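Positions are given from 1 along the sequence. Worth saying up front: this structure is predicted, and the values here are computed from it rather than measured.
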Amino acid sequence: MIILAFLLIIIASVPIEGKCSRLPSGKCWVNCMEDIFDVICNSVSAAMVHSDISVFADTSQELRLYIWSSPNITRLSADIFHLVASQILTIDLQDLTALDTFPEVYGLVNLRRLSVWNSPKLVALSLELLPRSLYRIALNKIGLSYFINNFANIVAMPNLQQFVLRNLTIKGWQNDFLKVFPRLTLLEISNSTIDVEDGDLSQEADLRRFQNETKVETISTLKFFNNGFTKATKDASIKFSHALLASITLQSGENGDVDISMNNMSISSDMIRGGLMATAVRINMRGNSVEGATGMFEGFTQLTELDMSRTKLLAMRGMFSGLPALHSLKLHHNNLQNLSQIDIFEGSQSFNLTYLDLSYNDIHILPALNSLVRIASQVTYLNLQGNRLQLFLSNTSWQFENQHAGIAAFSRLETLILSHNRFSVFHGFHLAPLTRLKVLDISCNPLEVLRKEAFTDLPPSLVDVDVSMCIRPPKLPPRFEKDAFTTMPPIRILRMRASAYKKSIFSALRFSRETTQSLEELYMDDNDMTALLNNSLPRLPNLRILGLSRNKLQSVQAGLFAGLPNLLRLNLKANRIGSIGANEFTNSHRHLQQLEELDISDNGLYQIHRGAFDGLPKLRSLMLGWNPTEIQGIFESGGRRLEYLGIQGYNHSCLKPEFFEQLPRLRWILPDIYNLVLANPDDRLNRRDEHLISLLQVCEVGPDVPDHETYPGLKQYVGVTIHDTDEGDGVQYPLITAFLPLNYCPVDDYVQQLGDIICTSAITMDH
C-alpha cells in the first residue's frame, strides 16, 4: 500500500508584506517564512511557471523551485527562468513524464542542485545546458542510457561534486565521461540495470585501457548498490562494472565510504585490495558473492565498519586478521556454522570491535576457547539471532563448562540478541557473568514452559528484556507458571508481544518489590486479548508506557488503568473499540492524570462522546486516524495542552475557527495521508521533535536528498504556505504552511486538498 506523509505547519503570524500563499496561476505555492523561499508548482504548464516566478523579478529573493506532477510540460527553455536567473538555487523536477528535452538552465548562474525524477522520455544528458555553478546532479527514472561527452566546448564543470544516477538502464559509458567533473567527490549508481554489450571490453588489454582512461582519484564516497544485469549481456555488464569500480581510487580520510551492496556479483580479493577500497573507512559489500576472503583486508588500517552479510561467506582461518581500527562487523546470513572449529580472528589486531552481527549463520554452539573469545572482551553488541543454538541448558549438561566459558568471555557485553534460535529451555544463570548486560532478547524461541529459572541469576544490570513468543492463533502459547516473573531483576522494559497469551498473562506478572517499582515500559501488543476488566492489570506505580495495540479489545472500562498512576503513553491502536463514552477517560476516576500520548487509531471508532477526553489534563498527542468518526467536539473544556492530532482518513466537516480556539497549543494535525502542522511558535520549533518524527510516514525512498533543514528533524521536507489570512469573516485563522516530503507520491491536487482541511481558502499573490 502506498503511504504518503504530508506535513502542514502553522507558524505564528509574523510581519510579511502582501499575501504569502498561492502565486498567480493558482497552481504554484510559496513558503515565505524562510530566508530562501520554497516554490512548489503542481499540475502546471511551462507558461504558468514563468508567470508565477516572475513575481520575484526585480527582487533579490533566493528561490528553490519544485515542479511536480506536470505531465503537459515537454520542455523548460531558458526564457522561462530568465527574469529570476540569478535567484534560483535549486530545481527539482518530479513526474514531468512528457519532458523530452534537457532543461536549458545554463543561465542560472547560482544554481547549485538539479534533480530530475520520472521523465522517461528524457534520453540525452546535454552538459552544455548546465551552469558551471552546479554542485549536484541527480537523475532518477529517466530514459537516459548512454553517458557520453562529445562537446568540445565543455572543458569542465568545476564545482560539480555529486553525480547521482538511480533507476536507469546503462547501455554505454564513454571512457573519459567523468573527466568533465574534476572535483567529483560522490558517485552513485543505484537501483539500475546494467546492459553493456561486450564491445570494447572483450580483451584484457581493453579492460586496462578503459580503467586507465576512466581513472578518477577525487571520489571519497562511492555508491554502486542494488543494481541488476540484463541476462543477455550479463557477463559483459559485470565485466564493465568491475572495470568501472577498478578505475576509481578512493580518497583517504574520514569520509571514505564504499557501498557496493546487493549487486549479486562476485567480489575477488584482487578487487578488494585494489585502489578502490584500500583506504576506505566504511565498506558495505552485502548481497554479493565473496571469493577467497583470507588475507583480503591486509593493510586496511583505516577501516572501521565492514558489512559482509549475505555474501555466501565460509569461515576461513584468519580471514579478519589485521583491521586494527575495525569497530563494526556485520556477517549475518552467511555460512559460518563451523566457527567453533575455525578461528576467523586468528592474528586479529583489532582492539575496538564493539559491534558483531553473526545472525542467521546456522551456528549450533558458541566456540569456547578460540575464534570469538579472541575478540570477545571488546564486544558490547552481539547478535546471534536466527541460529540453531540450544545451549541454555541446566548445569548438568556436558556442554555446560565450554558454553559457560564462551559466554563469560564477553565481559563488556551490553546487548545480546538470541531471538529465533532453537532452545526450548532457558536458564538465566548462564548469563550471570555478563555484569554489564543491559538488553536481552530471547524472543521467538520454542520455549515449552516459562518458569522462574529463566530469569534467576540474570545480571542486575539488565534494563530491557524481550520474551515475546511470536505465536499466532490458533497455535497455543507456552505454559507459564504463576511465579515465573518473581525472579526477574529490576528491569525498566519488558516486551511480551505476539504471544497469544490473552489476558491471562497479567495474572503471572507478579514481580519482586524492586521490579514492581522499576518497570517503566510494558509491551503486550498482539496477544489476542478480547477484554480487560478493572482488575486485570497489575499495579505498576512507575509504568510510563503500555502497549496494547493489535489486540481485539472492544471497549475500555472506566478505571481499567487506575493501577498505573504515572502512565504517560497508552497505545490501543488497531483494536476493535467502537465508541468512547463519557466515562472512560473522565477525571472523576482520577486515573491517567499524567497521560500525554494516546493512540486509538484504526479501531473502527464510529462515535466519540462530546468531551470524552476532557479528563486527560496533560494530553499532548491524540491519534484518532483511520476511524469513521467526527472529531470536532471531542473536547469541551479539555485539550488545552494538545499539540499533536492524528485524523488520517478523516472525511467529515472542515476545521472551523472554533476548533483551533479550543486547542490553543495545537501544532501538528495529520489528516488523511498528509501531515498538517499547526504551530504556535516558540523555541521548541528549533529543537528536534522525536515524537513528531515517530509519526511521519513516507511512500518510498526519495528521489533526492535535501539541501537544507527547515526545522530540526524535517530535513526531508519542503514547505509552502497554504494560507495566511482570514476571508473577511472576522475570524483569524493561523498561518498554515505545508511541508511536503521529497519522497512523495501525491495525487495531482494534493496542495489543494491540504488547503481544504480548513474552512477557508487561500488568496493568490499579485504580481
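- With rounding to the nearest 0.5 angstrom, the CZ atom of F56 is 5.0 Å from the CG atom of L23.
- Using a 4.5 Å heavy-atom threshold, the side chains of D176 and T214 count as separate.
- Taking all atoms of both residues into account, the shortest heavy-atom contact from T311 to M285 is CG2-O, 3.4 Å.
- Aromatic ring pairs are classed by plane angle as parallel below 30°, tilted from 30° to 60° and perpendicular above 60°; the pair F177 and F147 is perpendicular.
- Under the 3.5 Å distance criterion, with hydrogens and angles disregarded, a donor-acceptor pair is assigned to the side chains of Q162 and Y135.
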Margin query: For L122 and D100: C-alpha separation, side-chain torsions, deciding distance, then whether side-chain contact (heavy atoms from CB on, under 4.5 Å) applies.
Written below: CA-CA 4 Å; L122 194 61; D100 57 16; 5.9 Å; no

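- S119 places a side-chain N or O within 3.5 Å of a backbone atom of L96 that can act as its donor or acceptor partner.
- S247 places no side-chain N or O within donor-acceptor distance of the main-chain N or O of K215, the cut-off being under 3.5 Å.
- The structure places CG of D235 at 15.0 Å from CZ of F240, a figure rounded to the nearest 0.5 Å.
- For the residue pair N72 and S45, no side-chain donor N or O sits within less than 3.5 Å of a side-chain acceptor on the partner.
- When only modelled atom types and interatomic distance are considered, W117 and N167 share no side-chain donor-acceptor pair under 3.5 Å.
- Residues V196 and I170 share a closest heavy-atom pair of CG2-O, 3.7 Å.
- Between F224 and S241, some side-chain heavy-atom pair lies under the 4.5 Å cut-off.
- Counting heavy atoms from C-beta outward, L670 and L695 have side chains that approach closer than 4.5 Å.
- The closest donor-acceptor contact from the side chain of T59 to the backbone of Q61 lies under 3.5 Å.
- For the 3.5 Å distance criterion, the side chains of S25 and D52 qualify, holding a donor opposite an acceptor.
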Notebook entry, point to check: Taking it one step at a time, do L178 and L187 satisfy side-chain contact (heavy atoms from CB on, under 4.5 Å)?
Noted result: CA-CA 10 Å; L178 293 177; L187 174 63; 4.0 Å; yes

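- Counting heavy atoms from C-beta outward, S266 and E291 have side chains that approach closer than 4.5 Å.
- Salt bridge K223/D259: absent, no basic N to carboxylate O contact under 4.0 Å.
- Between T218 and P182 the shortest heavy-atom distance is CG2-O, 3.3 Å.
- H50 contributes no side-chain N or O that, together with a main-chain N or O of A47, makes up a donor-acceptor pair within less than 3.5 Å.
- By the side chain to side chain donor-acceptor pair (under 3.5 Å) test, N288 is found to be paired with no residue, residues two or more places apart in sequence or in another chain being considered.
- The number of heavy atoms from other shown groups lying within 6.0 Å of CG (N264) does not exceed 12.
- The minimum heavy-atom distance linking A280 with I283 is given by the pair CB-CG1, 3.6 Å.
- F225 meets the ring pair (Phe, Tyr, Trp, His ring centres under 6.0 Å) test with no other residue; sequence neighbours excluded.
- In this structure, the separation between CZ on R286 and CE on M262 is 6.0 Å, given to the nearest 0.5 Å.
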Check: Would L222 and L245 satisfy side-chain contact (heavy atoms from CB on, under 4.5 Å), going step by step from the backbone distance to the final call?
Finding: CA-CA 9 Å; L222 173 67; L245 295 175; 3.6 Å; yes

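- Atoms CD1 and CZ, on I88 and R113 in that order, are 15.0 Å from each other to the nearest 0.5 Å.
- Within the 4.5 Å cutoff, the side chain of I189 has heavy atoms near those of the L244 side chain.
- Side-chain N or O atoms of T193 include none that pairs as donor or acceptor with a backbone N or O of T169 at under 3.5 Å.
- The backbone N or O of Q87 lies less than 3.5 Å from no partner atom in the side chain of N110, so there is not a single donor-acceptor pair.
- For the residue pair S190 and E188, a side-chain donor N or O sits within less than 3.5 Å of a side-chain acceptor on the partner.
- Remark: D38 CG to I40 CD1 distance equals 6.5 Å, nearest 0.5 Å.
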Notebook entry, point to check: When you look at H242 and M265, which way does the side-chain contact (heavy atoms from CB on, under 4.5 Å) test go after all the steps?
Noted result: CA-CA 9 Å; H242 283 169; M265 63 182 185; 4.0 Å; yes

Notebook entry, point to check: Is there a side chain to side chain donor-acceptor pair (under 3.5 Å) between N159 and S133 once you walk through the steps?
Noted result: CA-CA 6 Å; N159 295 302; S133 59; over 6 Å; no

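- Distance alone, capped at 3.5 Å, places no donor-acceptor pair between the E217 side chain and the T249 backbone.
- You'll find the side chain of L99 stays beyond 4.5 Å of the side chain of K121, heavy atoms only.
- Minimum interatomic distance between L129 and E104 (heavy atoms only, all atoms of both residues): CD2-CG, 4.0 Å.
- For the side chain to side chain donor-acceptor pair (under 3.5 Å) with N191, the lone residue among N227, N140, N226 that qualifies is N226.
- The shortest non-hydrogen separation linking P71 to A98 is O-CB, 3.1 Å.
- Within the 4.5 Å cutoff, no side-chain heavy atoms of N284 are placed close to those of I260.
- Looking at K330 and E305, their side chains never come closer than 4.5 Å, going by heavy atoms from C-beta outward.
- Put simply, SG on C28 and CD1 on I67 are 7.5 Å apart, with the number rounded to the nearest 0.5 Å.
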